[in-house]
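Just so we're on the same page: letters track the sequence lines, and every chain starts at 1. From a predicted model like this one, the values you see are computed outputs, not experimental measurements.
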Amino acid sequence: MRFTKSYIIQYLFLLIIILFLILIINNVHFNLIRTGLGFDFAWLFRPASFSLAEHILPYSPSNSFAWALLVGWTNSLRVIFVALIFSTIIGISAGILGKSHNYILKFISRLYILIIRQTPLLLQLLFWYFVGFLSIRNPVNIIVPIINISNQGINIFGYILTPEFSSLIIGLSVFTGAYIAEIVRGGLNSVPKGQWEAYKSLGISDSIGLKDIIIPQALPAILPGLTSQYLNLAKNSTLAIAVGYADIYAVSDTVINQTGKSIEGFILLLIGFLFINLIISNIMEFFNRNILKNKA
Amino acid sequence: MSQTIIAKSLVKSFSQNKLALNDVSLEVQKGEVLVIMGPSGSGKSTLIRTFNGLERIDKGELNILGLRLNSFSNDEIIKKIRKRVGMVFQQFNLFPHLTVLSNITLAPIQVQNKDKKHAEKSAYELLVQMGIEEHAFKYPKQLSGGEQQRVAIARALALNPEIMLFDEPTSALDPERVNEVLDAIKSLAKKGMTMIIVTHEIEFAKEAADRVLFMDEGRVVEITTPEIFFTNAKNERSRRFLNQLSK
Amino acid sequence: MKIITKDIKFLLFKARKIGINNKTDLFITFILLVGVFATLTNFLNWIFFHANWEVVSRNLNLYIIGTYPKALSWRPFLWISIIILLSFTTLLKKLNYIKKRFIYICWLLIIPLGIYLLAGGINIIPISTNFWGGLSLTLILTFISIIIALPIGILLALGRQSNLLIIKKITSLYIDCMRSVPLIAILFFGQLLTPLLLPVGMEINRVIRAIFSFSIFVSAYISEDIRGGLQSVPQNQIEAAKVLGLNKYQINKFIVLPQALIIAIPALTNQAIGLLQNTSLMAILGLVELLGISRSILANPQFIGSHLEVYVWLALIYWLVCTIIALLAKKIERHFSKSLNFQGDL
Amino acid sequence: MRKLLSSIIGLTLLISGCSSSNQIGKSRLDIIKQRNQLICGVSGKIPGFSFLNTNGKYSGLDVDICKAISAAFLESPNNIQLRPLTAAERFTSLRTGEIDLLSRNTTFNLSRDSQKGNGLSFAPVVFHDGQGLMVKINSGVKDLKDLSNKSICVGSGTTTEQNINDAFEEKSLKYTPIKYQDLNQVIAGYLQGRCAAMTSDRSQLAAARSSFKNPGNHVILDNILSKEPLAPATVGNDERLADAVRWVIYALIEAEEKGITQSNINQKLDLAKDNKGMKPLRRFLGIEGDLGEKLGLANDFVVKIIKTTGNYGEIYNRNLGPNSQVYIPRGLNQISKQGGILISPPFN
């Protein structure tokens, strides 16, 4: 008797959702017939006949749409991976500087977070690309002749990073870095004050104290937030389309345009993202388990 | 005199190898004040929490105000019991986002469907009775611990319970605040409220209790009048406990 | 000579006071200061002497109201002025109880007022959403989406905490899926695919589709924030409510949810700010909100190549709006959390 | 609870009921008339064709075509709703009925027109264009092969992307496409030196060049990579709407051939009314016969068009003529009498 009522509610809920899904599938089916679009994946193996500016895997326009999507996917992974490293470096430094005793460093760190977090990422990306890179008239040599920055990109030892890739990396890293900095600061704040006083009273220097005493204790508070920021970074990397980088979303967009297969293309995009998410959350889970196991 | 609580062979365990309650039986008369004492971990809180269904018993049977409660009892019975049994916690457990007045009137309005004006009037009378009427519109955080605990008592009384359960009501208070709460409980005792109080306050027990129950390791060691318990406890374990307390 | 050493010592004392303790510190500070100073002077130099602000000054109306009919432009302008006025009274005034109530009611009325003023209807000429644009569209997208997403988020959070297994599974699936997909994909879905899901002849206009997309996306994130709040409501609060005879529904409504929401205010604020910033993604999908209208303005042959001016100007607007939202939320949070401090209880 | 459920089920049935009683058989023309509004998809970001002026109004050739159609269908050029669309969403919007008419620099080609392709119906071409390349004069680029292995700025989601690929592939040359979403991004990318060349329809290249600070520093190469006939489009299998749109465009061309302009339309009307012998003119202006009614329009739809927007030549000059912001010589887009390829079938 006690369970029946809740069971009825649950099954009704399930029934409504199923009905709703049936209704939608019915509509889609009807609309696909009406518009003559159809639903199939055969087009995946036709030649893509568009070119991509950047690819890690070998690619030419005569490759299939499927291959083009895979190339886009690997391009996404490349951006996510590099931006992930840089954003972590920026975020941790800014987070630690935010706790610095030096007022000026503290001020700069706060200012950075304040500006970056309150403006849209898309705007920042456009800014980095069109203003940051493309408006460089005279190439800038940072360390002659190792790093050379111009509106053709960053040239390191003859290896050229395109402005699209570079501005995406900078934009994503700077943006995500500001969020990571806040998480790091929160994590550091979660370490009891007594711990800071304790290492100082033992005469341990700040850098060693941070590395060996404070950060290990702050990690459990930092890691979950960090994971969700990494996932956000992966999702935000789809804004690549605004600066002309051929990531998975941009390639999907082109594919959908060329084939008109919007539903199929969308489904493939979602599957692609599911994989990226799985990769990141599994790696983080691994870290989480190992680090927390050792330190707890 | 009629029994309001009858407990028969209660058994309750949280982990497999240790019994929190081990064959506990007792009866409480109407209007009686029963003080439960015992070292920490002896099962006092568990026992008192079984009386309003916060803990389910594994074996045995309870009869609270004529309602039978055993390991198979459903939520309806527990709800009925809770409406007639008030409880005050060690940590007050006031609702921090509600004013003192709303803390007290919430249950009468929502559970007993009283109209707001009526409920507020009764609440105000309770606050006067507890001597904290000037705090009616403050939030719990703005009050001292003693005041908060008196609000908690008023909140429990607002439902006109027939039995009041106190789970270490003074343990979380500053020493100088203890008496204001105990005085409030004493005044309730004088009015003939049936009360079961878990406490470590010997003086209070001597003064207010009709009987004292001493527990250890989930068992009832002794149940007797305060005079006998505090001057001439029969059991070796009770004496040791009292010695430690008076130190 | 003595005087100079004294001066240096004094300077060192001053430096120590602001936290510069050793040579490395001094060096890093110096480098950073030079960098900041150089950037700042360059930037100011550009702003005052090189930038051509015509692209901003001549299109000021467009940035704020988009393609809204000129004769009726007072309507969005009135709405935005009221919002600004209300923000400042909320932020500046130290308020008593009655005034506070009044201001909260005003804030609640902002959304219906905005819809009425922008869309028209009774007594004023109706204007299709197609003409909405600029900052006014950005704001109304944000406000309506948040107000829709909040209750959905609460229900999802409760669903995920529920002990009804099917409901729990379905809500969890929904939340996890939503959170693993990029927003632009959801917006793409909303703009380009939902028409295929609808029965023939049924149309939902694109602003509503955008609101729908934002709401279903943000509600998943909101639900996780609220779940965090729900989990941090102490168990003894629920126990105390049970003892008073409240049923499950009453416990959630009167005890758990209010506290969870107060705890979640900072996280919810971040969601609101994030949402406002993310409305800019609609520029990629064809709505002329603040960023979209700016891209249209940049297409005008008169203003080709004024990217930097436009981006700096947009950054300023977005920054101001987001900062005001953050400050407002802080004020609200301070007001509510006055009562809420579990440390005092435990 | 029960009430809620029954209402939800009711609603579900209602919606699914809707989907079976679809509006097949009813022409969109009737829907447009019923709502007294023409929803027209435009780009909103292409100078000369449709862009936002500082008054917050869209203007350009594409917009004027919408106005002419609105004047013909709904008696007023102002009953239009212009919807800025991205290249990616334009066909879906048309197919799902979100817009009635697409007037957005859309290239007329087989796969878009055919039922198994995009399933559209194209109206006559309103602008004959061809894809071209623009480079900086001092770059020394003269031909496609000079651009080998260089970067080229392209707009994504357009036929441009495919054409440039085909052209380079034909000559076995390699290049790097830098793809942007909007034409103005393509222009910015090119101007700021990201690419050695930008490719787009030659009209757009010309329009862009005319807005540059130093137009003389840029040159449009002679190579024409493709034919780009730009035409308005409606959804396929709606012949009545397609016919009506088609003949509105022809009317604009015919009016120019006949020398009927916005300023002399009243004189011409009087002339036709007075002279019973001027049969073709009388039919064209709806004084005689039932040409308009055959299309489901007012009999004098031509008069309404010309009064509000003028003939094709006037529209062209207003938006792309020498005195406009973007000057593009008429070239092919001249009526046949003047040496162009625009021609209207007879209004009989």
Side-chain angles (χ1 to χ4, degrees), chain B residues 45 48-49 51-55 75-76 78-100 102-113 137-145 148-149 151-152 155-161 163-165 167 172, chain C residues 95-101 104 154 162-164 226 228-268 331-346:
Chain B
S45 287
I48 197 172
R49 284 160 67 89
F51 292 165
N52 62 357
L54 278 181
E55 305 288 357
D75 289 348
E76 296 305 312
I78 292 176
K79 265 184 207 162
K80 275 184 196 158
I81 291 173
R82 282 181 184 159
K83 282 180 192 170
R84 297 169 67 183
V85 178
M87 185 167 189
V88 173
F89 299 88
Q90 180 182 358
Q91 306 289 354
F92 333 136
N93 293 0
L94 294 176
F95 305 129
H97 60 298
L98 301 176
T99 60
V100 165
S102 309
N103 257 286
I104 299 173
T105 57
L106 179 69
I109 294 173
Q110 297 301 330
V111 178
Q112 297 181 329
N113 297 318
F137 294 102
K138 288 186 183 163
Y139 285 95
K141 218 189 104 189
Q142 295 166 293
L143 305 185
S144 74
Q148 287 193 48
Q149 192 59 300
V151 174
R155 181 173 75 178
L157 288 174
L159 289 165
N160 294 317
I163 302 173
M164 283 286 283
L165 309 173
D167 189 0
Chain C
L95 300 163
N96 63 27
Y97 182 73
I98 298 163
K99 275 190 196 150
K100 229 180 249 165
R101 271 284 158 93
Y104 284 138
I154 292 173
S162 154
N163 38 25
L164 306 178
I226 290 177
L230 289 175
Q231 281 169 343
S232 47
V233 174
Q235 200 58 33
N236 59 27
Q237 286 285 312
I238 297 165
E239 213 163 65
K242 266 189 200 165
V243 164
L244 289 174
L246 297 173
N247 62 31
K248 255 186 206 164
Y249 169 77
Q250 288 168 329
I251 293 175
N252 268 331
K253 181 176 168 192
F254 295 110
I255 309 301
V256 180
L257 261 185
Q259 298 186 42
L261 284 176
I262 295 171
I263 298 169
I265 285 178
L268 293 177
K331 184 130 185 173
I332 294 171
E333 190 200 341
R334 219 176 293 142
H335 165 66
F336 278 115
S337 59
K338 236 186 246 168
S339 60
L340 209 61
N341 186 345
F342 297 117
Q343 266 82 48
D345 263 19
L346 295 169

Do C:Leu244 and B:Val111 come close enough that some side-chain heavy atom pair is under 4.5 Å?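 Contact flag for C:Leu244/B:Val111 side chains = no.
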To check you understand the geometry: which heavy-atom pair defines the closest contact between C:Gln237 and B:Leu94, and what is its length?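 Closest approach of C:Gln237 to B:Leu94: NE2-O, 2.7 Å.
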Do you know the tightest heavy-atom contact between B:Arg82 and C:Lys242?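 Nearest heavy atoms, B:Arg82 then C:Lys242: CD-O, 3.1 Å.
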Find the one option among B:Leu106, B:Leu165, B:Ile81 whose heavy-atom pairs under 4.5 Å with chain C are most numerous.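 Option with the top pair count is B:Leu106.
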Under 4.5 Å from any heavy atom of chain C, what part of [X] do you find: side chain, backbone, both or neither?
X: B:Val85; value: backbone
X: B:Phe95; value: both
X: B:Arg155; value: both

Look up atom CG in B:Leu98 and atom CD in C:Gln259, then write down how far apart they are to the nearest 0.5 Å.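 Interatomic distance, B:Leu98 CG to C:Gln259 CD, rounded to 0.5 Å: 7.5 Å.
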Around C:Tyr104, counting heavy atoms of other residues, nucleotides and ligands shown, do more than 12 lie under 6.0 Å from its OH?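 Buried by this count: over 12 neighbours within 6.0 Å.
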Hey, is the main chain of B:Asn93 close enough, under 3.5 Å, to the side chain of C:Asn236 for a donor-acceptor pair?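 Here the side-chain-to-backbone pair does not exist.
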Hey, which residues of residues 245-255 of chain C are touching chain B, say heavy atoms under 4.5 Å apart?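 Checking residues 245-255 of chain C against chain B gives C:Gly245, C:Leu246, C:Asn247, C:Gln250, C:Phe254, C:Ile255.
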